[in-house]
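Read through the structure below, which is laid out as structure tokens, and then see the notes.
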There are 2 protein chains.
Amino acid sequence: MTVNIYDDPDFFAGYATLPRSAAGLDGAPEWPALRALLPSLAGRDVLDLGCGYGWFCRHAAEAGARRVLGLDSSGRMLARAREINAHPAIDYALADLETAGLPADSFDLAYSSLAFHYVAAFDALLARIHRALRQGGSLVFSVEHPIYSAPGHPAWSEAGDGRRIWPLEGYMREGPREIDWFGARVAKRHRLMSTTLNALIGAGFAIRHVEEWRPTDAQIAAKPSLAVELERPMFLLVAAGRRS
Amino acid sequence: MTVNIYDDPDFFAGYATLPRSAAGLDGAPEWPALRALLPSLAGRDVLDLGCGYGWFCRHAAEAGARRVLGLDSSGRMLARAREINAHPAIDYALADLETAGLPADSFDLAYSSLAFHYVAAFDALLARIHRALRQGGSLVFSVEHPIYSAPGHPAWSEAGDGRRIWPLEGYMREGPREIDWFGARVAKRHRLMSTTLNALIGAGFAIRHVEEWRPTDAQIAAKPSLAVELERPMFLLVAAGRRS
């Protein structure tokens with residue numbers, strides 16, 4: 001990956017304060033929706049691309065996965081994963097998603113949470129994932145929604161009459177974006193939703209479900225600040241199956 | 001369809017001034033991209049849902065389609081279609097897409113340009129289209145992009161520093177939208193891109209290609225005002241195939 005920002009100690013300290021870092025999967029509001037897209041994990045071989053702290057790897061292992069391979073490009077992340085989310089069924093390994101070799105015909109599920117938008121060579125990665133999946137295998141992932149990643153100034157704005165708006169611009173201009181996050185400059189890729197879907201189709205996947213995540217009414221009732229997520233989507237969730 | 005606005009004489013007169021009305025397919029900047037998604041038309045049976053002036057019906061007939069059925073909910077539109085785009089292979093018929101019965105197993109291609117975003121019961125329409133297509137048949141259509149249809153105030157705005165932005169809001173709130181167009185109040189439906197795609201998958205279609213339309217560099221060079229379309233997409237184009 002082009003980002004190794006997670007190895008920056010200051011950034012890492014900031015990132016550790018996020019609910020999704022500290023509380024694991026339950027700290028990520030989109031997790032229930034992503035989980036709903038997963039196949040049964042019992043007895044399956046699972047690959048987690050950009051595993052971070054290893055929360056999902058542990059979830060898969062505890063759900064009975066036969067073997068879980070968690071890959072991440074940050075050694076610091078992996079050290080923490082081995083510390084807090086170790087399990088006999090899990091192997092954690094340092095790997096750059098841009099180039100990582102994956103064993104052929106070895107997994108029933110490839111999973112990735114909020115990592116693919118750091119990857120520049122997405123088509124090449126999908127080709128490797130397709131090859132690594134067994135016939136009938138699934139790819140389930142989340143990325144930042146392109147509506148979220150497009151603007152040069154990704155922050156809420158006000159219209160003249162005081163309505164809160166998302167100042168969309170440059171949606172059709174794909175490519176690098178840089179944002180400030182926990183005091184660091186983070187580089188990511190803005191990729192159209194259509195580009196993501198066509199890349200999957202081109203790599204031999206069938207699209208099974210596409211979700212522009214929104215909080216449920218219950219989530220908004222429990223945490224009213226989430227209501228703003230109805231104005232624009234932050235996450236895109238996709239489930240695809242190996243077609244050929 | 002819920003809109004019969006095209007039968008309003010004043011609206012009709014305004015609509016007639018649009019390049020896509022007067023100049024036909026070549027007046028629609030997204031036509032080359034939509035055309036690129038079409039299968040071969042020679043010898044095929046073609047259905048056009050919301051055919052308007054009949055420009056596409058004529059294109060299909062002249063490309064050698066065996067039979068073309070153009071449906072529209074506006075009698076005024078159909079009268080004009082019969083006048084300017086008559087062809088022995090074409091039948092034009094009055095039909096409301098919300099309810100129109102379609103003959104089973106009768107078409108190789110179902111086509112629709114900028115009509116489905118007026119339809120409320122989209123799942124039901126897709127079920128009827130699926131049934132009307134032959135095995136191996138295709139559905140190719142365009143709709144307004146949900147980024148375009150979402151805002152309550154769909155007009156360019158300026159950020160504090162003078163950048164032009166699209167004031168996105170309410171993207172996740174699906175449902176009716178009303179806009180002013182040629183002096184009339186036009187009712188349409190805001191539907192997420194994911195909802196459109198999942199509806200297709202649920203109806204038994206395989207997604208083949210998804211396109212968030214942008215003008216080509218050549219189009220922008222010929223008509224610089226099109227450059228603004230790079231800030232946000234106006235049209236969504238989809239090609240799908242009957243899967244089962």
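Residue numbers start from 1 in every chain, and the chains themselves are labelled A, B, ... in the order their sequence lines are given, proteins ahead of strands.
- The choice from B/D161, B/V228, B/L192 that makes the most heavy-atom pairs within less than 4.5 Å of chain A is B/L192.
- Between the side chain of A/R242 and the main chain of A/L133, a donor-acceptor pair closer than 3.5 Å is present.
- For a residue to count as touching a neighbouring chain, one of its non-hydrogen atoms must lie under 4.5 Å from one of that chain's; by this rule A/I207 touches chain B with backbone and side chain alike.
- In this structure, the side chains of B/Y53 and B/S21 come closer than 4.5 Å at one or more pairs of heavy atoms.
- Taken from CZ in B/R243 to CG in B/L200, the straight-line distance is 10.0 Å, to the nearest 0.5 Å.
- Ionic pairing of A/K188 and A/E144 is present here: one or more N-O contacts between side-chain nitrogen and carboxylate oxygen are shorter than 4.0 angstrom.
- Between the side chains of B/R208 and B/S138, at least one donor-acceptor pair of N or O atoms lies under 3.5 Å.
- Interface remark: A/L197 contributes side-chain atoms only to the contact with chain B (heavy atom separation under 4.5 Å).
- Residues from residues 166-183 of chain B that place a non-hydrogen atom less than 4.5 Å from a non-hydrogen atom of chain A comprise B/W166, B/P167, B/L168, B/E169, B/G170, B/Y171, B/M172, B/R173, given in numerical order.
- Note: B/C57 SG to B/D72 CG = 9.5 Å, rounded to the nearest 0.5 Å.
- Among the candidates B/P233, B/A150, B/S194, the residue making the largest number of heavy-atom pairs closer than 4.5 Å to chain A is B/S194.
- The shortest distance between side-chain heavy atoms of B/L139 and B/L126 falls below 4.5 Å.
- For chain A, the option among B/E229, B/R214, B/R163 with the highest count of heavy-atom pairs below 4.5 Å is B/R163.
- Residues A/E30 and A/R20 are paired through a salt bridge, judged by an N-O separation under 4.0 Å between the basic side chain and the carboxylate.
- Of the two parts of A/E158, neither the backbone nor the side chain holds a non-hydrogen atom closer than 4.5 Å to a non-hydrogen atom of chain B.
- When side chains are defined from C-beta on, B/F205 counts as touching B/I129, because their heavy atoms get closer than 4.5 Å.
- By number of non-hydrogen pairs under 4.5 angstrom with chain B, the leading residue of A/L230, A/I147, A/L237, A/I201 is A/L230.
- For the pair B/S106 and B/D45, the minimum side-chain heavy-atom distance is 4.5 Å or more.
- With a 4.5 Å cut-off on non-hydrogen atoms, A/E212 touches chain B through its backbone and its side chain both.
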